[in-house]
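Counting starts at 1 for both ligands and their atoms, in listed order.
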Amino acid sequence: MLKISSLLFCCLLSFKTFSQTSAKTIDIIPQPVSMVKSSGQFSLPATVTIGASSSAEVSSVTSYLKNKIQTATGKSVLLKGNASFTTIKLALNPTENAAIGKEGYQLTITPKGIVIKANAAAGLFYGVQTLVQLLPKEIESKTAVKGIKWAVPCVKITDYPRFGWRGLMFDVARHFFTVAEVKQYIDAMVRYKYNLLHLHLADDEGWRIEIKGLPRLTEVGAYSAKRVGYFGTFAPPPADEPRTYGGFYTQEDIKELVKYAQERFVNILPEIDVPGHSLAAVVSYPELSCTPGADKYKVRSGEEIMDWSHGQPPVALIDNTLCPANEKVYEFMDKVITQIAQLFPFQYIHLGGDECPKNFWEKSEAVKMLMQKEGLKNMEEVQSYFEKRVEKIVESKGKKFMGWDEILEGGLAPNAVVMSWRGMKGGIEAAKMGHEVVMSPTTYAYLDYMQGDPSIESKVYATLRLDKTYQFEPVPDSVDAKLIKGGQANLWTEQVYNLRKAEYMTWPRGLAIAETLWSPKASKNWDNFSQRVEGQFPRFEEAEINYAPSMYDPIVNVSRRDSTMTIALSTEIKPLDIYYSFDNSFPDRFYPKYTQPLTVPKEAAQIKIITYRGNKPISRMMSIPITDLTARLPKPRK
Ligand code: ACM
């Protein structure tokens with residue numbers, strides 16, 4: 001503990017020193033624990049040599065680095081084993097600094113060369129990621145860039161993560177993403193030291209993984225009818241429409257993905273969402289439901305199948321649940337979990353458990369008999385009975401059972417790990433009972449939410465801005481911090497139809513979560529972070545990764561003052577100037593500048609708003625009809 005706090009102190013000191021001595025900023029995300037900059041720099045020579053031991057794990061780091069440098073600089077890069085002098089030395093040195101753990105590293109750059117030391121290969125990999133961020137942005141290019149001075153500043157960095165679980169969830173069930181696309185997603189996440197990819201592999205809209213002996217899961221369950229627009233509002237497709245939209249991963253694909261992820265020090269957490277969200281399984285094998293007639297169902301193409309008007313749990317319009325009173329369901333789960341356990345080396349298997357409708361179970365004679373036999377008092381206890389049986393299956397394969405926080409309802413399975421999504425409450429309750437927890441609350445970590453104003457983002461249920469995401473703190477005061485394994489951000493893809501949009505939704509909020517999960521709590525600073533985020537944008541552009549510029553867009557808040565609507569404008573990052581018009585023309589910096597809340601001129605039809613930094617436009621142009629603003633007003637109290 002003493003060691004950690006002295007490192008932290010050093011970190012705070014070093015940034016101060018750095019800001020006093022250097023004109024050029026260093027924009028590393030996540031912020032390293034300790035960074036001391038000295039004068040001078042090191043320039044990559046015409047031929048770059050990398051010295052490292054040749055263990056399999058270290059080889060994946062050296063080939064990653066070699067490939068990156070060779071591709072972007074066009075220089076030749078030679079691997080030199082343990083030669084005494086090399087341009088970049090990667091040294092495994094397990095005894096030197098135990099406090100940095102298996103993922104920490106020390107990066108030293110002097111005018112003579114670059115040395116990365118770590119206790120394990122993962123640490124070397126993260127040292128390489130930091131080194132890449134110190135190189136000019138063109139290092140992210142996919143082709144050789146001429147005329148760049150490939151220099152890095154002299155620094156000494158000591159760095160290690162705050163949490164071992166640094167995750168992103170990618171929902172490949174709502175829309176299917178190819179193996180190549182998932183690899184691209186992994187490539188982007190490891191730049192920011194994420195080490196866990198949670199793949200949501202089965203839902204109402206598709207079953208995405210080959211299970212031998214259950215062929216209909218992928219022959220039937222992986223395909224729907226293609227629709228674009230506002231997912232959830234579509235008309236049911238005609239019964240005879242060909243179902244060709246979707247796809248699945250063969251077991252060979254999964255092995256390839258697992259290997260690709262492992263070479264980048266990423267674990268893949270597989271999720272099969274049961275007993276709700278299971279329409280694709282029910283359509284494939286209708287006998288798994290409690291509902292006669294399920295053989296008429298189709299994999300969901302975005303039509304309405306749930307009534308949410310009563311809150312949680314939702315009421316299902318068609319039965320998308322597995323039947324907890326049917327022994328065949330447990331045989332099915334055993335087959336699926338056996339193969340999942342063999343395919344994914346990660347210790348945990350996620351079995352969903354969220355948003356399970358109970359209305360079809362309530363009508364089922366089989367469920368009534370199960371309740372009598374097992375003494376189950378209500379539907380939550382019925383779900384808990386299911387979860388406990390599934391936990392036993394998972395444990396029989398030598399794995400740990402994990403689920404969304406609904407698995408607490410009706411009694412938590414004895415060793416279950418809880419992923420808390422409906423705020424932090426479920427996580428706190430589970431940790432108080434001694435269970436391991438991963439925090440991924442909607443309030444801070446839901447990447448499917450809009451990152452800015454609904455007039456400019458594609459509409460979904462809620463908004464989560466970058467600055468709010470940055471406020472995520474996974475460890476609540478009231479619990480044993482050891483039980484909070486870490487956190488993750490979740491990208492649900494109902495409204496995400498392609499990889500560019502997936503990237504847009506992930507970045508830059510994924511940077512905020514990455515920093516929360518890696519950097520010391522005490523070093524968090526929004527103003528400093530938002531500047532470093534701006535430093536990453538040109539890198540995303542070089543890497544051809546999409547990102548949202550929403551943090552530059554104006555924030556619009558309406559309120560009612562004496563029956564008149566007032567419009568308040570502000571910005572997430574400061575200082576920006578806001579200009580607006582009510583006359584349907586495009587404002588620029590010669591238009592009225594926002595200084596105080598506005599009222600709408602008589603007959604005005606819309607407000608247009610833009611932000612500037614100095615004399616440069618920086619946000620997108622926002623146009624909002626006045627009728628839309630009026631609709632946002634809280635309803636007057638009767
Ligand atoms: C969830 O967002 N339904 C876990």
* To do: Return the set of residues passing salt bridge (charged side-chain N to carboxylate O under 4.0 Å, His left out) with Glu381 (not counting sequence neighbours), or none when no residue passes.
  => Lys377
* Inter-residue atom distance Leu408.CG - Lys425.NZ, 0.5 Å rounding -> 8.5 Å
* Does Glu241 pair with Arg227 as a salt bridge, N-O distance under 4.0 Å? -> yes
* Asked: Under 6.0 Å between ring centres, would you say that holds for Phe540 and Trp507?
  -> yes
* Applying salt bridge (Lys or Arg N to Asp or Glu O under 4.0 Å), run through Lys193 and Glu103 and close with a yes or a no. => CA-CA 9 Å; Lys193 305 185 174 84; Glu103 295 186 300; over 6 Å; no
* **Glu256/Lys259 ion pair, N-O < 4.0 Å** => no
* What residues sit with at least one heavy atom under 4.0 Å from ligand 1? -> Asp354, Glu355, Trp404, Trp421, Tyr446, Trp492
